[in-house]
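Sequence positions, counted from 1, serve as the residue numbers for this chain.
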Amino acid sequence: MRSYRTLFRTPEYTPFLLSFAVYAAAQTIGGLALATLVYRATGSPLLSAVSMFGPQLAQLLGAAFLLSGADRLPPRAILTVISLAFAAGTAVLALPGLPVWAVFVVLLLQGLVASLGGGVRGGLMNEILPKDGYVLGRSVFNMLWGLVQVTGFATGGALLALLAPRVCLLLAAAFYAASALVNHVGLTPRPPRSAGRPSFSATWRTNALLWSSRPRRLAYLGLWVPNGLVVGSDSLYVSYAPAAAGTMYACGALGMFVGDLAVGRLVPPALRPRLATPLRLLLAAPYLFFVLRPSVPLSVVAATVASVGFAASLVLQERLMSLTPDQLAGQALGLHTTGMVALQGISAVLAGTLAQLTSPPTAMTLMATASVAVTLTLFALERREERQPGAPGDDARGPAGAPTAAEANGTG
């Protein structure tokens with residue numbers, strides 16, 4: 001599938017995108033408002049960064065107990081419940097006089113709920129679209145996320161200049177509720193993809209199976225670590241340039257949009273696999289110069305160019321799906337999302353700590369340096385893997401290392 005016209009004629013794809021767009025708008029406006037509220041209350045770059053990205057750490061815990069539900073629960077119902085839970089939690093965050101410790105308790109609970117979201121959405125999109133439409137459909141999904149971030153952060157910055165952060169949080173809560181309504185009205189009820197009840201043991205058994213293949217491990221690490229370290233740099237925008245943080249986030253989202261458009265629509269499929277490493281290097285390289293404290297306009301340009309590199313995730317997700325059977329698609333993508341956002345949360349904490357000890361520009365450069373080092377290490381491991389196919393410890397029980405259907409269902 002190479003045509004946007006064909007893509008948008010696919011049943012359910014448009015309401016699927018619309019529900020996500022409203023959810024993402026709530027996330028961007030609410031996240032910026034909360035980070036601003038915490039920074040004004042505490043003056044701490046660490047707490048500000050953690051308030052915006054720290055909830056993603058809680059997804060690690062949620063993934064340990066809940067991730068098997070991505071394939072074993074009805075997707076429409078789960079997406080609706082997640083949106084309603086975020087609406088309620090965000091409304092609580094807007095309460096006057098809420099202490100900072102209570103803010104982080106709410107964020108912890110939201111993170112636990114959100115641990116299912118990535119897997120459910122990814123698995124549902126894999127069902128809605130034909131196989132040859134996944135990369136184009138995912139690129140449009142990512143481009144929409146970029147556009148919503150551009151408008152959401154720009155709008156959020158403008159709203160914060162006019163309204164109190166708590167009013168912006170209430171607006172975000174209303175958006176979450178609207179997303180729940182679109183999910184319920186626009187999506188068709190579907191049965192779970194896999195049999196059985198979600199459980200701790202089922203989650204860990206499938207995660208271990210997914211992790212058992214070296215090619216999949218390298219794909220997961222490529223999706224998680226370089227990306228996460230750079231998001232640690234991104235988390236310091238508020239403390240780096242408080243008045244321009246919304247602009248930097250918006251322009252970074254614009255760079256993401258351009259990258260996803262180019263990779264998803266313009267780059268030939270045969271060329272895509274070669275772009276994973278160059279795009280990951282592009283993601284970090286502009287931040288190497290932030291130690292020089294560039295002006296705000298130069299910083300905005302650097303954030304925009306760097307964010308084009310986020311398109312590496314399209315290439316690596318395509319690789320991951322080629323290594324994974326359909327009945328595990330939801331949990332495989334859920335594990336990707338959980339690991340990615342957890343690394344982003346960890347990186348936000350690390351970047352905030354470094355900023356406390358040094359300065360935001362120095363911390364941003366250190367995080368970017370680590371990202372480049374990890375990308376080059378993974379590239380060397382991938383090249384070694386290509387030269388040694390079928391090496392000991394590899395999973396060679398099916399095409400491209402995919403487990404058998406019995407193993408995927410836990411009966412093998």
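Remark: Tyr237 engages Tyr249 in a ring pair (Phe, Tyr, Trp, His ring centres under 6.0 Å) (not counting sequence neighbours). Qualifying side chain to side chain contact (heavy atoms under 4.5 Å, CB included) partners for Ser44, counting only residues two or more places apart in sequence or in other chains: Thr42, Leu46, Leu47, Gln356. In this structure Arg121 satisfies the side chain to side chain donor-acceptor pair (under 3.5 Å) test with no other residue, sequence neighbours excluded. Judged as a side chain to side chain donor-acceptor pair (under 3.5 Å), and not counting sequence neighbours, Ser139 has no contacts. Partners of Thr36 under the side chain to side chain donor-acceptor pair (under 3.5 Å) rule, at least two apart in sequence or in another chain, do not exist in this structure.
Between Glu382 and Arg280 there is a salt bridge, with a side-chain nitrogen of the basic residue lying less than 4.0 Å from a carboxylate oxygen of the acidic one.
Paired with Ser19 under the rule side-chain hydrogen bond (donor to acceptor under 3.5 Å, both in side chains), one option of Asn183, Thr14, Thr80 passes, and it is Asn183.
In plain terms, the two heavy atoms of Leu98 and Val103 that are nearest each other are CD2-CG2, 3.8 Å.
A donor-acceptor contact shorter than 3.5 Å is absent between the side chain of Thr324 and the backbone of Met321.
Here OG of Ser179 is found 8.0 Å from CG of Leu79. Values are rounded to the nearest 0.5 Å. Taking CZ from Arg383 and CG from Leu381, the interatomic distance works out to 12.0 Å, rounded to the nearest 0.5 Å. A distance of 9.0 Å separates CD of Glu12 from CD of Glu127, quoted to the nearest 0.5 Å. We find the CG-CG distance between Leu275 and Leu282 to be 11.0 Å, quoted to the nearest 0.5 Å.
For residues 295-304, the side chain to side chain donor-acceptor pair (under 3.5 Å) pairs, not counting sequence neighbours, are Tyr240-Ser299.
Classified by interplanar angle (parallel below 30°, tilted 30° to 60°, perpendicular above 60°), the ring pair Tyr287/Phe290 is tilted.
Ring centroid separation for the pair Phe175 and Tyr23 does not come in under the 6.0 Å cut-off.
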